[in-house]
Amino acid sequence: MVMGDMEMNTDLLVIGGGPGGYAGAFRAADLGLDVIMVDTNQRPGGVCLHTGCIPSKTLLQLAELLLDAREAKSRGICFGEPQLDLAAMRGWQERVVDTMAEGLVRLTGHRGILRVQGLARFASATAVRLEGAEISRIRFKKAIIATGSRPLGLPGVAFVPGGRIMDAAAALRLPDIPKTLLVVGGGYVGLELGSIYGALGSQVTVMEQQERLLAQVDPDLVEPLQRRLATLFADILLKVEIDGLLEENGAVRVSFRHKGIKKQGCFDRVLVAVGRVPNSDGLGLEHTAVTLDSRGFIQINERQETADPHLYAVGDVAGGVMLAHKATREGRVAAEVCSGKNGAFDARIIPAVVYTDPQISWCGLTEQQALAENIPYGVQKFPWKYSGRAQTMGMTDGLTKLLTEHTTGRILGVGITGRHAEGIISEAALAIEMGALAEDLALTIHPHPTLSETVAEAAEIFLGSPTHVLPSRKKSA
Ligand code: FAD
């Protein structure tokens with residue numbers, strides 16, 4: 001790296017220090033490249049660490065604790081009414097984020113990666129100008145664009161800092177516990193954050209445009225969650241169009257149409273969680289050959305290459321599944337390709353988890369996708385009421401579901417609803433990556449009593465002789 005007065009040169013510039021950017025920077029440095037990583041934030045981690053995955057899961061963990069403590073009463077343990085200390089909860093959340101951010105700072109430093117804080121804009125396909133940084137310009141041989149995404153708003157509605165109309169980042173700062181909270185959007189972010197506020201005592205109303213919550217997930221996997229949310233939330237309204245949000249007199253007035261009928265409501269706070277848009281505008285991409293799709297996502301191939309031979313794109317800004325682990329893999333692939341290796345994003349599946357209570361996780365083919373695309377499949381469902389472990393936990397309203405190839409039993413997709421679904425899905429992901437058959441899952445001895453047994457039991461259903469449910473007549477013949 002050659003340091004000039006206001007200018008630097010490097011092999012690889014990584015723009016954005018989120019899970020896509022830092023994973024790419026780390027891999028590239030491990031492969032011997034000279035790397036500079038620029039981010040507008042002081043420390044790496046991106047949305048995921050600072051305002052997304054980690055802050056939300058820290059608070060969801062507290063929410064789970066609260067709800068478990070309440071339910072323990074019916075099982076013989078009474079803790080009394082919980083005392084909530086919001087400042088202490090915020091402090092705990094900050095300590096978690098801080099610990100991880102400092103870890104990333106150390107990992108960056110030990111790898112010899114230079115971190116620069118500032119806003120990068122392309123001046124050409126081999127140089128960026130920086131704003132708010134000590135260095136004014138960085139020239140590079142190659143660059144990975146990992147600038148992520150930001151929340152999509154509603155038309156005519158602005159997120160004002162400190163305002164009552166909040167995006168996810170503002171809601172995760174826990175400004176207070178509003179008596180009433182409207183969550184606009186029944187996707188995973190809306191339901192996770194709504195669950196946090198519901199557990200803390202807010203009366204939460206969810207309004208969703210679609211006919212059902214979590215529209216991309218199979219309905220039978222969502223049903224147990226919907227039953228649970230019906231007890232936690234004040235209301236769940238589907239097929240809603242929001243006409244306007246107006247903050248006045250310490251509240252938010254909401255005009256909406258529910259199933260076509262005009263209505264009004266008033267809430268102490270509103271969380272808008274209706275999706276995200278890529279941070280590809282304002283980047284100076286017009287000075288490069290990079291192309292965007294109609295929604296502004298950077299177009300890439302399986303090697304993370306953009307239309308510009310110097311530039312690669314990874315993570316949310318490159319579209320597809322907008323999840324941290326997908327960004328991380330893409331970052332590593334881009335780094336390998338940049339360093340001359342023969343890398344490609346060739347994962348068969350990208351698992352997804354919704355961290356509500358119960359959780360939902362899935363990977364591979366979904367049943368609604370199979371139906372829509374006319375893909376032949378078999379389905380095996382193991383209800384958790386037959387799982388010993390689920391009974392011990394009092395968490396019997398769950399389901400483990402396999403989608404299999406009719407003839408061979410090859411695992412095509414897996415969906416799980418229930419406590420700790422986050423951990424169980426990795427076995428399914430490995431099974432699909434390895435081309436495993438239902439027989440492989442059924443014959444793998446799973447420890448008892450565990451929730452992972454539900455995967456093996458569902459596989460036994462394919463084989464026609466499950467242990468804890470009766471075999472169907474056809475299969476047992
Ligand atoms: P980001 O994490 O968005 O990082 C991009 C970085 O680039 C940012 O730090 C930004 O400041 C910086 N940047 C942008 N433009 C510039 C520029 N011009 N110059 C310099 N720096 C720039 N995903 C999961 O997998 N699991 C979860 O549980 C999960 N929970 C979530 C919860 C919430 C509330 C939200 C909002 C998201 C959640 N996500 C989750 C999604 C996850 O956060 C994103 O998919 C992930 O952060 C994308 O990583 P990235 O590296 O592409 O970008």
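Note that the coordinates shown come from a computational prediction; the quantities given were computed from them, not determined experimentally. Read the numbers this way: they start at 1 and go in the same order the structure lists the ligands and their atoms.
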### Task
Could you tell me whether E7 and R139 have a side-chain N and a carboxylate O separated by less than 4.0 Å?
yes
### Query
Is there a donor-acceptor contact under 3.5 Å from the side chain of D218 to the main chain of E367?
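Here the side-chain-to-backbone pair exists.
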Less than 3.5 Å apart, which donor and acceptor atoms pair up between the side chains of residues 198-208 and the rest of the protein, not counting sequence neighbours?
residue: S202; atom: OG; partner: P178; partner atom: O; Å: 2.6
residue: E208; atom: OE1; partner: G186; partner atom: N; Å: 2.6
residue: E208; atom: OE2; partner: Q210; partner atom: N; Å: 2.7

### Task
Report the residues that fulfil side-chain hydrogen bond (donor to acceptor under 3.5 Å, both in side chains) with N41, sequence neighbours left out, ordered by chain and then residue number.
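side-chain hydrogen bond (donor to acceptor under 3.5 Å, both in side chains) check on N41 returns nothing, list empty.
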### Task
Scan E422, E64, E192 and name whichever one has a salt bridge (Lys or Arg N to Asp or Glu O under 4.0 Å) with K57.
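Of E422, E64, E192, salt bridge (Lys or Arg N to Asp or Glu O under 4.0 Å) with K57 is met by E192 alone.
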Check ligand 1 for close polar pairs with the protein: N or O on both sides, less than 3.5 Å.
residue: ligand 1; atom: 2 (O); partner: V47; partner atom: N; Å: 3.0
residue: ligand 1; atom: 9 (O); partner: D39; partner atom: OD1; Å: 3.1
residue: ligand 1; atom: 9 (O); partner: D39; partner atom: OD2; Å: 2.8
residue: ligand 1; atom: 11 (O); partner: D39; partner atom: OD1; Å: 3.3
residue: ligand 1; atom: 11 (O); partner: T40; partner atom: OG1; Å: 2.7
residue: ligand 1; atom: 18 (N); partner: A120; partner atom: O; Å: 3.0
residue: ligand 1; atom: 19 (N); partner: A120; partner atom: N; Å: 2.9
residue: ligand 1; atom: 21 (N); partner: T40; partner atom: N; Å: 3.3
residue: ligand 1; atom: 23 (N); partner: A324; partner atom: N; Å: 3.4
residue: ligand 1; atom: 25 (O); partner: A324; partner atom: N; Å: 2.8
residue: ligand 1; atom: 25 (O); partner: H325; partner atom: ND1; Å: 3.3
residue: ligand 1; atom: 28 (O); partner: K57; partner atom: NZ; Å: 2.7
residue: ligand 1; atom: 30 (N); partner: K57; partner atom: NZ; Å: 3.2
residue: ligand 1; atom: 39 (N); partner: Y188; partner atom: OH; Å: 3.1
residue: ligand 1; atom: 45 (O); partner: D316; partner atom: OD1; Å: 2.9
residue: ligand 1; atom: 45 (O); partner: D316; partner atom: OD2; Å: 3.4
residue: ligand 1; atom: 45 (O); partner: M322; partner atom: O; Å: 3.3
residue: ligand 1; atom: 45 (O); partner: L323; partner atom: N; Å: 3.4
residue: ligand 1; atom: 45 (O); partner: A324; partner atom: N; Å: 3.4
residue: ligand 1; atom: 47 (O); partner: C48; partner atom: N; Å: 3.3
residue: ligand 1; atom: 51 (O); partner: P19; partner atom: N; Å: 3.4
residue: ligand 1; atom: 51 (O); partner: G20; partner atom: N; Å: 2.9
residue: ligand 1; atom: 52 (O); partner: D316; partner atom: N; Å: 2.9

## Note on the structure
Across all chains, not counting sequence neighbours, the ring-ring contact (aromatic ring centres under 6.0 Å, His included) partners of Y312 are none
